[in-house]
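Report on the structure given below.
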Amino acid sequence: MQSRRWFGGAGFSFADDPVTETLSQAIRGTGEELDREPDTGVLFGSLRGSVVGLRYYTGVVNKGEMVSLVRQPQNPYDRNAVMVANVYGSQVGHIKRELAVLLANIMDNNLARVEGVVPFGVTNQFTMSVVLSFWGREENRDAVVRQITSRSFKLQSGPTGFMCADGSRDLPRKSVLLTAEELKNAFDNLFENLMDDKIGEREAVEAVCTPLLPHQKQALSWMCACENNAALPHFWEVKGELFYNTLTHSSVRERPRRVRGGILADDMGLGKTLTTIALILSNFHHGKPLCEPEKSSPEPKASTTARKNPEGKSGDGDQAEVSVAPAGHSPCMRANQAETQVVCVESVDVVQEDVVEDGDKDWVSEKKAKGRPQGGKAKATTTKKAAKTKGKAVSTSRKGGAVLEDLDFAAALSGLTQGAPQKKSVGKSLVSPVEAASSQSTDDPAARATLIICPLSVLSNWLDQLDQHVRADVKLNVYLYYGSERNRDTHFLSSQHMVLTTYNVLSADYSGSASPLHTVRWLRVVLDEGHIIRNPNTQQSKAVLKLNTQRRWILTGTPIQNNLRDLWMLVAFLRLKPFDVREWWNRVIQRPVTQGDKTGLQNLQALVKCVTLRRTKTSRVCGRPLVSLPERSVRIEEVELTQKEREEYELARTEGRTTISRYVAEGTVLRNYADVLAILVRLRQFCCHPGLLGKTTTHTGVVAVTPAELRERLIMKLRLVLGTGSDEECAVCLDSVRLPVITHCAHVYCRPCIAEVIRSEQEQARCPLCRGQIKASELVEFPLEEEEEEESNLLENWRSSSKVEALMSSLLRLRSEDDSIRSLVVSQFTRFLTILEIPLREEGFKFVRLDGTMSQKRRAQVIQEFQSDAPGSPLIMLLSLKAGGVGINLSAASRVFLMDPAWNPAAEDQCVDRCHRLGQKRDVVITKFIVKGSVEENMVKIQRQKQDLVEKAFGTKNPSERKTSRVDEIRALMEL
DNA sequence: ACCGCCGGGTGCC
DNA sequence: ACCGCCGGGTGCC
């Protein structure tokens, strides 16, 4: 079941097209990506050298510990200098001069990566040995060996002197290798069976009005434990005075603390949002509730404050009071304050319990150690300052600072801003950037708000769920940080219970100066649909890593799309030391695992297990399924083309075959990728409706004569690639293409991405996909022309098609049998959806439409309309496959019509999951329309074959093999 | 002695 | 560094 994740290639970007998808995958494995492809290197050998200058630096290393080698070309004493640092980045010393010359040469010319292990640790205060191993691409082996021997160093073949992961000394590493199949299975199951029966259940606080299901209580219990538990994390042991990491063999003086958070990777529909809401309300400081309903309050007031829709307009079904917190104006100033509504329970007594938040515990023990048990100067100061800056005097004090904070926070929450300030306010700089930067590691009582970051498409879902699950008489301050009018006041943001925002807003803020979100000290940051940040090169990912927070959570249904590399960003966000530094991740986890090392895999499994909770729809709690979803069945409906359609199709097919077979013969299939893609797309469009083709009739594959012709042709190809409604992946950023441009060699990229390539490579700039020469002046943009005219043209000269008829007869039959059943009609081609509107209208179906071009506001309206059970609400939703992918809930539908096969079966599944999820009452029936004797049939065949393939799993095949199988697929598609 | 040897000063890059 | 290297002092045994 899970194996289908493997073939999802681009995952959430839904690059449905085989050519696009795997081609860029193939490219990823080829280019000069040594640094980014740590798993592709081979070991050239190793040699013994020495580290000098130890006495000048503080970095310590143990026997067997790994060290990193960092070039220092700016070193004033030697431009060849190579610095040696330990796992935590502290400098240990330098590589001895003569050896540094060699390393500098190898490193600067990118001939090999050099990794160091210290075999004996520090034996004197001046120098020590280091074993250097050289990793690189096979074609560089000779050069490296020559460099080494010409400087009369001796390269030992193999990893002699390499330390074993178990710490045994200086023996050749005996790694147990796994077969590709074992590896694939292990990887597939990496996120399975993580359910530890030992985790208990925990009820949510009263403020949560929806009863949690057993598995949700388990998740809550687990999440609270993750946030509160102070036990040593995995791979750490106490060794005398120090703490010792068994993987890197490093030790540190300060007690390493467990990641305060983790990955909640439950399947879609198991209630990750609800569980997270429960967590936020149930586990504030010291494991106490955030706030509770006032029990004595006779009439609960429905007031969910500081809340607005993305568009600033109140949603229709929104029962709670919706108020916009105006910029620069604190909601605390509202007149109808009812301070008693919020009771923030946070007792200081907890400080003395066993399980407390680390910061406080550390503080207590620190004070004791200093023999000042009741002191706590530093703490008291911060607290006072916090109180002071809020202009709030607090007189009651039970025990030290904590109670002050509590009252202070309660006051802040309930809006007692006009209390009598005894000292003058220091302005709104409650959180100064300096404080923020310096308070990373310690527990921070000022951190109070939870920041939720999600894709725009699920923002409204969070608001709905908060309404639904939080008791109306709980006054929860939720601020939607979105839109140009958003309140950027950090004091205001810090004082919220929750702040909701999107990845885009976050990265937009980040790119500016003084990002408010990066200034606030958060209690908790939650990344919803966290796999969005799997590519570490994106602005979003960089922005996310820079957030200042105590606790970190990732919510995702698909923790790994198809590669181990996807995991790194998640690990980095969680600050899973030391793997948040790429080198250690690569050396300890990624390369060993990719090369089939059993120990590496075990380490990876342990690592994942200690931060992840994942249950699937088929998981069981105490022998019972988590949730009982209705059945779901798939039937394939074969569609026969009419005589006329068949003739048209065959004409196009023959033409396409001729072109492609020529490319195959020439071995230029991949170079002519855009043409091949165009042919395939055209055939797929023919299968749906001839009107999909638009004016893309130009003959492909003929060399253009004039620049104008070439330009026209490129624009046409660009339109083909983009206009299908399927998503395109940029081979540079590996994300959906934004601001698309097409190169003269007919490859599509984001303009900024390819511009950067050209800028950095200058005259030698080459197309990342085909290595053809590219110039900035030759990039062609999509002209913003009048598509409307074409659209109306489409509708005026209306004709039906076999597939349209097949759908219509199904829908009509369905309506006559049961007119309460709602359907999703899904296509990758948005134009097809437009075409389908005509017969639907003709037959008097009420329908709505959801596609990627619609604004968020419109989407929310449409979904609400469709989900509503009011009489006269629509029976059908026309849905573009891409738009149907993420987060949305369409459980009102129980029939799905997949109009055209997608390349990525996972995309289809995701789409079906929109309705086959919690809340679905009926059995779900999925109908796939496949035109008999067409590319569609071949696509389905190849999909099935893919599912059976094993070796694709880890990307263990080398790039040329992958390219070959890609060509084979195209041949199979065209029956060549 | 335009050497060798001795012993003190010194020390990353 | 319980080294190596440098450079000054010194000089048969």
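Every chain is numbered from 1 and lettered A, B, ... according to where its sequence line falls, protein lines coming before strand lines.
- The CZ-P distance, from R97(A) to dG11(B), rounds to 14 Å in whole Å.
- Rounded to whole Å, the distance from CG on D78(A) to C1' on dG11(B) is 16 Å.
- Counting non-hydrogen atoms of other residues, nucleotides and ligands closer than 6.0 Å to CD of E139(A) gives a total above 12.
- Nucleotides dC13(C) and dC2(B), compared at atom C1', are 25 Å apart to the nearest Å.
- In this structure, N80(A) atom CG and dC12(B) atom P are separated by 17 Å, rounded to whole Å.
- Judged by distance alone, with hydrogens and angles left aside, Y56(A) brings no side-chain donor or acceptor close enough to the base of dC13(B) to form a pair under 3.5 Å.
- Atom CD of E138(A) is surrounded by more than 12 heavy atoms from other residues, nucleotides or ligands within 6.0 Å.
- The side chain of Y77(A) contributes no N or O atom lying less than 4.0 Å from OP1 or OP2 of dC12(B).
- Comparing the same atom, C1', in dA1(C) and in dC6(C) gives a spacing of 15 Å after rounding to whole Å.
- The distance from atom CG of L54(A) to atom P of dC13(B) is 11 Å, rounded to the nearest whole Å.
- Side-chain N/O atoms of R55(A) include one lying less than 4.0 angstrom from OP1 or OP2 on dC12(B).
- Between K96(A) atom NZ and dG11(B) atom C1' the separation is 10 Å, expressed in whole Å.
- For dG11(C), the paired nucleotide is dC3(B), the pair qualifying as Watson-Crick or G-U wobble because both relevant distances are below 3.5 Å.
- The base of dC13(B) is paired with the side chain of N75(A) by a donor and an acceptor separated by under 3.5 Å.
- For F235(A), there are no ring-ring contact (aromatic ring centres under 6.0 Å, His included) partners at least two apart in sequence or on another chain.
- Here the rule is side-chain contact (heavy atoms from CB on, under 4.5 Å) with L451(A), and of V526(A), L527(A), L517(A), V520(A) only L517(A) fits it.
- Whole-Å rounding puts the L102(A) CG to dC13(B) P distance at 15 Å.
- Remark: P of dC12(B) and CD of Q125(A) are 12 Å apart, rounded to the nearest angstrom.
- Of all non-hydrogen atoms in Y749(A) and P768(A), the two that sit nearest each other are OH-CD, 3.1 Å.
- For the pair Q91(A) CD and dC12(B) C1', the computed distance is 9 Å after rounding to whole Å.
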